[in-house]
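Read through the structure below, which is laid out as structure tokens, and then see the notes.
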Amino acid sequence: MAFSFKGLNKSMWKSHKQTKDLLTMAEIRQGGAAAVDSPRSGKQRTSNIADEKTQRNDSYNLMQKIGFFLGPLLFFIILFALPLSDLSFEGKAVLAVTAWMAVWWISEAIPLGITSLMPLVLLPVLGAVDAATTASSYGDNLIFLFVGGFALALALERWNLHERIALTIISAVGASTSGLVLGFMLATGFLSMWVSNMATVMLMIPIGTAIIAKVVTLMKEDNVYSKDEETKFTKSIIFAIGFGGTIGGSATLIGTPTNLILAGLAGELLGIEISFAQFFLFAFPLVSMLMIVAILYITKIAYPMNVKKITNGKQFVTDRKKELGKMSYEEKIVLAIFSFTAFMWMTRTFIWSDIIPGLSDTMIAMVAAILLHAIPASGNTGERLLGGDSLKNMPWGVLLLVGGGLALAAGFNGTDLAGWIGNQLLLLEGTSYIVILTATALLGIAMTQMTPNTATVTILVPIAAALALAIDVHPLPLMTAVAMGAGFAFMLPIGTPSNAIIFATGKITMIDMVRKGTGLTLLALILVTLFVYFVLPVVFGINQHEYPANLK
């Protein structure tokens, strides 16, 4: 155990240094200095080239090597060696493919998106699901909903509208040290509802570090500076950005891929459509409550500061807003399209379903994407709000992963595998429902601390659905508990890209993340369980204590 922990610690610090060097362009700066200052720079460059070749030759790390061979080994053991006499060959085939893909997803033996293409080959060859059905999973409506949402995100970033939104929120609340923490968390959380968590945190970190430096200077001018106060304020801002990005993304279907995967699997496994508005009505109060408590936790418990007020603390943000100047034509048009799209998503089921029959969230997203690529930018540059090169920046790996998960779900439904898993889980029959719900959410939260949350949801949601069948309760609450739980990884840098970015700043340590993240993780577990138990059945109009007869 000691050896593995040592290896994990060494690996994490190596990853930390590589990410930090990337963000700070250390190689470029150091390379330039070496060329001027070192008389042996030629030998150094030769050594660096040799090291790079050695690294390139080592294509797989230890975890990837183990996963690379373990995946197919499990596949053949399940398919041909395990005595699963009460499961058909087709069911065993889906189970074997799922195990292989799960190992490769968790170990990242090959890119997640490429692993997700395996059902296209294996399921038809093994006779579990026909080729047409498998392929259609990769063209599901929800995948195109994500494409439209990402087009909006790209437009916000291209015309710098996301920074203007962030600064506006911060300037509205940032009159004190705790106010600045509040502003950064709210701004990051709001942007993460629409823009990818990683992009949002990447935007906010430079703003945050600049404000930290300014506040430290102002502390010194006011004669209230101490090293301890600087450390507490620095860590407060960094955690507010990282945690805000993670929490905010869980409020909307397009905020994080885990929500999108949940919606896709709910449609594939249960035939239930989770609309943008329905999910928002359920998730936004949960996220808001978690955000408020997280702010109080950071400012009052984790890092309480003696310095409450900063003279001219808001001035720095105000100056930056002045530098941005007035909103450009492009910003106004993107904001109009963004607002229109959000309004349509929120009101589709209440207003537009009867007026425009067949209207879906995906259609609204596609209209937004088309408008962004059709409306020209100002001037005679020949540019548009989004150019054709935006397609290169789409998260194709995530989209393929969603498709792979839907293909596996088709295998679960198209064979006797779902029923078989449910029968194996009958041991839980008689256990308190709230205990099972809590355990399901805990499983999602625990697994996503160490593995990609997208892979976690893709693996666990179908199992949660089978568990619901076994204990005769509605599957949507258990599936949602897993998906929402997997969205809240606060404890380790490898949990989410947001965690990795704030860790890479070098301003917080692994111990900081574990200690401060544990309390927030436990709180998230409690809130997810309570909201799924009390709020979700009301929003979706279901009886959670009974498995729907039409799904049996």
Side-chain angles (χ1 to χ4, degrees), residues 152-153 156-157 160-212 214-215 232-252 254-256 259 280-281 283-305 308-310 313-318 320-321 324 335 338-339 342 346 487-488 490 496 498-499 501-502 516-517 520 523-524 527:
L152 279 170
L156 287 171
E157 292 175 42
N160 216 28
L161 183 58
H162 56 339
E163 183 175 359
R164 188 181 296 277
I165 293 172
L167 289 171
T168 299
I169 295 173
I170 293 168
S171 63
V173 295
S176 61
T177 51
S178 58
L180 285 169
V181 174
L182 170 66
F184 271 101
M185 182 164 277
L186 291 180
T188 310
F190 175 77
L191 287 172
S192 291
M193 291 165 55
W194 315 99
V195 183
S196 76
N197 298 353
M198 186 173 77
T200 303
V201 174
M202 286 286 283
L203 158 75
M204 297 301 294
I205 282 294
I207 301 174
T209 52
I211 287 182
I212 289 168
K214 183 66 175 178
V215 167
K232 288 192 291 186
F233 181 70
T234 299
K235 292 184 177 183
S236 295
I237 294 295
I238 298 300
F239 274 123
I241 293 171
F243 290 168
T246 299
I247 295 171
S250 295
T252 65
I254 63 171
T256 177
N259 295 344
F280 186 80
L281 285 175
F284 183 73
L286 189 164
V287 165
S288 299
M289 189 173 295
L290 184 59
M291 190 84 71
I292 292 169
V293 176
I295 293 166
L296 293 174
Y297 173 70
I298 290 173
T299 56
K300 305 300 182 185
I301 299 174
Y303 301 108
M305 292 192 63
K308 306 298 182 184
K309 273 281 190 183
I310 297 295
K314 290 175 64 175
Q315 191 60 44
F316 181 80
V317 179
T318 304
R320 178 59 188 145
K321 286 180 69 177
L324 290 176
L335 180 61
F338 174 82
S339 303
M346 295 301 300
F488 299 129
F490 302 111
T496 66
S498 300
N499 291 358
I501 292 168
I502 64 172
K516 303 307 182 285
L520 203 55
L523 177 64
L527 287 177

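The first residue of the sequence shown is numbered 1, and numbering continues consecutively from there. Worth knowing before you read on, the calculation uses all heavy atoms, side chains too, and leaves out hydrogens, waters and symmetry mates.
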Non-hydrogen atoms of Met204 and Ala187 that approach each other most closely:
CE-CB, 4.0 Å
Might you point out which heavy atoms bring Thr299 and Ile295 nearest each other, and give the distance in Å?
OG1-O, 2.8 Å
How long is the span from the CG atom in Leu527 to the OG atom in Ser288, to the nearest 0.5 Å?
11.0 Å
Under the ring-ring contact (aromatic ring centres under 6.0 Å, His included) rule, collect the residues that match up with Phe239, sequence neighbours excluded.
Phe243
Test of understanding: with ring-ring contact (aromatic ring centres under 6.0 Å, His included), list the residues that count as partners of Tyr297, not counting sequence neighbours.
none
Can you confirm whether Val181 sits close enough to Met185 that some side-chain heavy atom of one is under 4.5 Å from a side-chain heavy atom of the other?
no
What's the separation between atom CD1 in Ile241 and atom OG1 in Thr209, rounded to the nearest 0.5 Å?
7.5 Å
Minimum heavy-atom distance Val287-Gly248, with the two atoms named:
CG1-CA, 4.2 Å
If you take all heavy atoms of Ser250 and Thr246, which pair is closest and at what distance?
OG-O, 3.8 Å
Taken in chain and number order and not counting sequence neighbours, the residues that satisfy side-chain contact (heavy atoms from CB on, under 4.5 Å) with Leu324 are Asn160, Glu163, Arg164, Leu167, Arg320
Tell me, please, which residues at least two apart from Lys235 pass salt bridge (charged side-chain N to carboxylate O under 4.0 Å, His left out).
Asp512
For residues Ile254 and Asn259, determine if any side-chain heavy atom of one lies less than 4.5 Å from a side-chain heavy atom of the other.
no
Measuring from atom CD1 of Ile237 to atom CD1 of Ile212, what distance do you get when rounded to the nearest 0.5 angstrom?
6.0 Å
Supply the atom-to-atom distance Thr177 OG1 to Tyr303 OH, rounded to the nearest 0.5 angstrom.
14.5 Å
For a side chain to side chain contact (heavy atoms under 4.5 Å, CB included) check, start with the C-alpha distance between Leu290 and Leu523, then their side-chain angles and the critical distance, and finish with the verdict.
CA-CA 8 Å; Leu290 184 59; Leu523 177 64; 3.8 Å; yes
So which atom in Gly245 and which in Thr188 form the shortest heavy-atom distance, rounded to 0.1 Å?
N-CG2, 3.4 Å
Which label fits Phe190 and Trp194: parallel for a plane angle under 30°, tilted from 30 to 60°, or perpendicular past 60°?
perpendicular
Can you find a heavy atom in the side chain of Phe488 that is under 4.5 Å from one in the side chain of Leu520?
no
Spacing of Ile298 atom CD1 and Met305 atom CE [to the nearest 0.5 Å]:
13.5 Å
Roughly how far apart are Ser178 OG and Phe233 CZ, rounded to 0.5 Å?
10.0 Å
Distance-minimising heavy-atom pair for Ala251 and Met193:
CB-CG, 3.9 Å
